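Note that this is a predicted model, so its numbers are computed, not measured. Order of appearance sets the numbers: ligands from 1, and atoms from 1 within every ligand.
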Amino acid sequence: MRILLVGQGGREHALAWSLAKSPEVEQVWCVAGSDGMATENNVRCLPELNASPGPLVELARREGIDLVVVGPEQPLVEGLADSLQQAGIRTLGPVQAGARLEGSKVFAKRLMKRMGVPTADFEVFAEPAAAIEYLQAGDGRCVVKADGLAAGKGVFPCSSKAEAIEAVERIMVRRQFGSAGDRVVIESFLEGEEASCIALVDGRTVLPMASSQDHKRVFDQDRGPNTGGMGAYSPAPVLDDELQQQVRRQIMEPLMAGLAQEGVEYRGVLYAGLMITSSGPQVLEFNVRMGDPETQPLLMRLRSDLAQVLWACAEGRLSGVELQWDERPCVCVVMASGGYPGSYQKGKVIEGLPEAGRLEQVKVFHAGTRWQDGRFVTNGGRVLNVCALGADIRQARDQAYRAVEQIHFENAHWRRDIAARALERLS
Ligand code: AMP
Ligand code: GLY
């Protein structure tokens with residue numbers, strides 16, 4: 001099988017590594033890929049290309065690509081899967097009309113409401129004056145969200161009217177997120193523990209992956225601003241099998257039925273960001289791709305052949321597939337550049353990668369690195385994803401931190417409490 005993978009972050013390094021392990025896979029082409037991904041066997045990076053449809057269709061035809069796997073959401077929201085499918089190229093990732101689940105919060109909320117999917121009560125506004133008038137009448141405890149893609153930065157949990165009005169002004173008046181802020185969703189504030197449920201969907205069948213949880217805040221004990229994710233682990237004890245089945249039945253299947261009613265066949269990954277409240281799981285958001293960094297520990301634990309599974313998904317044959325998982329938990333610690341998620345410097349020399357990689361059950365995925373003058377240097381906010389399997393979650397965590405201690409770069413920053421909540425829950 002010849003696979004083309006779109007993307008270049010830590011999630012895509014894990015996808016490339018896992019796909020290339022399959023005996024069925026001859027080669028994984030990565031657009032654009034990264035120098036870290038290029039260290040894997042049977043992985044070839046094409047840094048000169050980007051995710052625009054024309055060159056990808058040409059490449060897929062020239063190289064006889066059997067399956068295109070799209071890592072990030074942006075190209076899906078822009079319609080990459082539509083262009084590939086129109087050219088007869090099998091693709092894992094939803095068409096544009098399905099990717100609206102992530103690309104428009106208004107669309108996702110309205111579809112959930114129509115299908116009775118549990119989510120916070122909400123109102124939609126296209127004018128700032130109307131949004132502010134609505135906020136004036138409440139107590140200010142709410143969450144204000146820009147409708148469109150805002151790189152995870154367009155969501156403002158607020159506890160006062162002043163904060164909520166400021167959020168509306170940032171989004172709709174100062175237009176910090178451009179046209180993503182043409183509309184806002186204002187929703188009620190949910191209490192509980194957050195968890196992610198990631199599933200493969202082939203249009204009919206919803207196949208949940210093992211549970212996982214990420215750590216969004218930059219500092220220990222969930223302090224500081226939100227980031228793309230500072231670490232993750234799998235399984236997540238908060239999302240037991242029963243709850244996961246509930247998410248499948250009450251959330252994902254009705255949602256797919258709602259899309260089907262609109263004539264949309266959704267084939268790809270569906271990620272539900274959930275708040276586990278006292279009255280059950282409620283949807284915070286949908287993503288139309290795997291989580292980053294949740295994918296890294298998930299794929300460390302996947303025993304099934306990823307290439308075959310994704311192929312079955314893209315062909316609409318998921319109903320016959322059962323996923324096999326390593327029983328052992330996996331913990332992933334993100335090593336970031338000092339200053340992230342704000343501004344940071346690039347080009348810091350990274351030492352200790354070979355030493356970390358030699359530790360048992362450890363794998364280091366590259367999120368933001370570059371090969372320069374015979375060594376890896378930092379090249380992004382999130383730099384490395386240090387993953388370890390262990391007999392239990394404590395051992396997995398200890399081994400991941402042992403690997404982290406081997407690695408050095410100037411101003412490196414990482415959280416010390418990854419998986420702490422899972423340990424608390426189990427003790
Ligand atoms: P989203 O991108 O919509 O998942 O929002 C990002 C983060 O904002 C979530 O991970 C939650 O921590 C928080 N959040 C979003 N919606 C709500 C809500 N209705 N109640 C409480 N927190 C929320
Ligand atoms: N780790 C959260 C996300 O990928 O959206």
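- Electrostatic pairing of Lys363 and Glu40 counts as a salt bridge here, judged by a charged N lying under 4.0 Å from a carboxylate O.
- Not close to ligand 1: Glu191, with no non-hydrogen atom less than 4.0 angstrom away.
- Each of Val184, Ile171, Val143, Ile186 was checked for a side chain to side chain contact (heavy atoms under 4.5 Å, CB included) with Phe156, and the lone residue meeting it is Ile171.
- Using a 4.0 Å cut-off between a side-chain N of Lys or Arg and a carboxylate O of Asp or Glu, Asp305 and Lys21 do not qualify as a salt bridge.
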Ligand 2 polar-atom proximity to protein (N/O, under 3.5 Å):
residue  : atom  : partner : partner atom : Å
ligand 2 : 1 (N) : Asp214  : OD2          : 2.7
ligand 2 : 1 (N) : Gly228  : O            : 3.3
ligand 2 : 1 (N) : Asp292  : O            : 3.0
ligand 2 : 1 (N) : Glu294  : OE1          : 2.9
ligand 2 : 1 (N) : Glu294  : OE2          : 3.4
ligand 2 : 4 (O) : Arg289  : NH1          : 2.9
ligand 2 : 4 (O) : Asp292  : N            : 2.9
ligand 2 : 5 (O) : Asn287  : ND2          : 3.4
ligand 2 : 5 (O) : Arg289  : NH1          : 3.4
ligand 2 : 5 (O) : Arg289  : NH2          : 3.0

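- Heavy-atom neighbours of Gln245 CD from other residues, nucleotides or ligands within 6.0 Å: above the threshold of 12.
- The protein heavy atom nearest to atom 14 (N) of ligand 1 is Leu284 CD2, 4.3 Å.
- For ligand 1, the atoms sitting less than 4.0 Å from at least one non-hydrogen atom of Glu285 are 1 (P), 2 (O), 3 (O), 4 (O), numbered in the order shown with element in parentheses.
- Only the side chain of Val155 comes within 4.0 Å of ligand 1, judged by heavy-atom distances.
- Of the protein's heavy atoms, Met275 CE, 3.9 Å lies nearest to atom 22 (N) of ligand 1.
- By the side chain to side chain contact (heavy atoms under 4.5 Å, CB included) test, Ala210 is found to be paired with Ser234, Leu298, Arg301, Trp325, residues two or more places apart in sequence or in another chain being considered.
- The residues Arg303 and Asp326 are annotated as salt-bridged, a charged nitrogen and a carboxylate oxygen being separated by less than 4.0 angstrom.
- Between Glu102 and Arg289 there is a salt bridge, since a side-chain N of the basic residue sits under 4.0 Å from a carboxylate O of the acidic one.
- Nearest protein neighbour of atom 18 (C) of ligand 1, counting heavy atoms only, is Val143 CG2, 3.5 Å.
- Remark: side-chain polar atoms of Arg382 are paired, donor with acceptor, to backbone N or O of Gly228 under 3.5 angstrom.
- In this structure, the protein non-hydrogen atom closest to atom 20 (N) of ligand 1 is Leu190 N, 2.8 Å.
- Listed by chain and number, the residues in a ring pair (Phe, Tyr, Trp, His ring centres under 6.0 Å) with Trp371 are Phe376 (sequence neighbours excluded).
- From the protein, the heavy atom lying nearest to atom 3 (O) of ligand 1 is Lys145 NZ, 3.0 Å.
- The protein atom (non-hydrogen) at minimum distance from atom 12 (O) of ligand 1 is Glu194 OE2, 2.4 Å.
- The pair Asp417-Arg217 fails the salt-bridge criterion, with no side-chain N (NZ, NE, NH1 or NH2) lying under 4.0 Å from an Asp/Glu carboxylate O.
- Looking only at atom types and distance, the side chain of Asp121 has no donor-acceptor partner in the side chain of Ser188 under 3.5 Å away.
- In summary, the atoms of ligand 1 found under 4.0 Å from a heavy atom of Glu187, numbered by their order in the structure, are 16 (N), 17 (C), 18 (C), 19 (N).
- Close approach of ligand 1 to Phe189 is summarised as follows: ligand atoms under 4.0 Å from at least one heavy atom of the residue are 20 (N), 21 (C).
- Contact between Cys142 and ligand 1 is absent, with no heavy atom of the residue lying under 4.0 Å from the ligand.
- Legend: residues meeting salt bridge (Lys or Arg N to Asp or Glu O under 4.0 Å) with Glu123, ordered by chain and number and at least two apart, are absent.
- Close approach to Lys216 involves these atoms of ligand 1, each under 4.0 Å from a residue heavy atom: 10 (O).
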